[in-house]
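Have a look at the structure below, then the notes.
The structure presented is a predicted model; accordingly, all values stated were derived computationally and were not measured.
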Amino acid sequence: MICVDTNVLIRAIVLDDHSQAEHATRLLSKNICFVARSVVQEIVWVLAKSYRFGPSDIGLVLEALTQSEQIVLEDEPLILLALDWYKKGFDFADAIHLAAALRCERLATFDQAFIKAAQALQTPIPVSHP
């Protein structure tokens, strides 16, 4: 198994550098590749900020990763839950944090937008001010 960095996946997704995209695509198609949870977060950020992908297109990319037989995602159930919340308008990084916090009794944050979004989604644990 090969652990891949964000830039390898981005090259294969956006195909903006022919040579790197070719190498990335070959690596991903011929190997079992491990993708860390932090890499998934970076993919979402890079696609949104640098390539102006919208949430629905980013959702399609992440769904393709979860369906690939060549990709092993760290904490895939957590990523799928975060993806579901992201599709409902939740910030992806916050969704990852909240999904990871499900093993806790609550999540404390000063981020009022995070609190409001979590309350609107009726998430399984309370998200509140410390």
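By the salt bridge (charged side-chain N to carboxylate O under 4.0 Å, His left out) test, Glu22 pairs with Arg26, sequence neighbours left out. Every residue meeting the ring-ring contact (aromatic ring centres under 6.0 Å, His included) condition with Tyr86, not counting sequence neighbours, appears here in chain and number order: Phe92. Evaluation of the ring-ring contact (aromatic ring centres under 6.0 Å, His included) rule for His18 yields no partner, not counting sequence neighbours. Applying the side chain to side chain donor-acceptor pair (under 3.5 Å) test to Ser128 and every residue at least two apart in sequence or in another chain returns Arg106. In this structure Glu76 satisfies the salt bridge (charged side-chain N to carboxylate O under 4.0 Å, His left out) test with no other residue, sequence neighbours excluded. Considering only residues two or more places apart in sequence or on other chains, Asp57 meets the side chain to side chain donor-acceptor pair (under 3.5 Å) condition with none of them.
Leu107 belongs to a hydrophobic cluster whose remaining members, ordered by chain and number, are Leu81, Trp85, Phe90, Leu98, Leu102, Phe114, Ile115, Leu121, Ile125, Val127; membership requires side-chain heavy atoms of ILVMFWY residues under 4.5 Å apart, directly or through intermediates. Leu80 shares a hydrophobic cluster with no other residue; no ILVMFWY side chain has heavy atoms under 4.5 Å from its own. Through direct or relayed side-chain contacts under 4.5 Å between Ile, Leu, Val, Met, Phe, Trp and Tyr, Phe34 connects to Met1, Ile32, Val72.
Connection of Leu78 to Trp45 is established within a shared hydrophobic cluster, with ILVMFWY side chains joined at heavy-atom distances below 4.5 Å, either directly or through further cluster members. Hydrophobic clustering keeps Leu15 apart from Leu62 (ILVMFWY residues linked when any side-chain heavy atoms are closer than 4.5 Å, directly or through intermediates).
With hydrogens and angles ignored, the 3.5 Å screen pairs no side-chain donor or acceptor of Ser68 with any backbone N or O of Ala64.
Atoms CD1 and CG, on Ile79 and Leu73 in that order, are 4.5 Å from each other to the nearest 0.5 Å. Expressed to the nearest 0.5 Å, how far SG of Cys33 lies from CD1 of Ile2 amounts to 5.5 Å. Of the inter-residue distances, the one linking Cys3 atom SG with Glu74 atom CD reads 9.0 Å to the nearest 0.5 angstrom. Taking CD1 from Ile96 and CG from Asp75, the interatomic distance works out to 8.0 Å, rounded to the nearest 0.5 Å.
In this structure, the side chains of Val4 and Asn31 stay at 4.5 Å or more apart for every pair of heavy atoms. You'll find the side chain of Ile43 reaches within 4.5 Å of the side chain of Leu65, heavy atoms only.
Across every non-hydrogen atom of Arg37 and Ala100, the tightest pair is NH1-CB, 4.1 Å. Between Gly59 and Leu83, the shortest heavy-atom contact is CA-CD1, 3.8 Å.
Applying the side chain to side chain donor-acceptor pair (under 3.5 Å) definition to pairs two or more places apart or across chains, none involves residues 111-127. Under the salt bridge (Lys or Arg N to Asp or Glu O under 4.0 Å) criterion, the residue pairs touching residues 79-98 are Glu63-Lys87, Asp84-Lys88, with sequence neighbours excluded.
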Show which side-chain atoms of residues 5-13 pair as donor or acceptor with protein atoms under 3.5 Å away, not counting sequence neighbours.
from: Thr6; atom 1: OG1; to: Glu42; atom 2: OE1; distance (Å): 2.3
from: Arg11; atom 1: NE; to: Asp16; atom 2: OD1; distance (Å): 2.9
from: Arg11; atom 1: NH2; to: Asp16; atom 2: OD1; distance (Å): 3.1
from: Arg11; atom 1: NH2; to: Asp16; atom 2: OD2; distance (Å): 3.2
from: Arg11; atom 1: NH2; to: Tyr51; atom 2: OH; distance (Å): 2.8

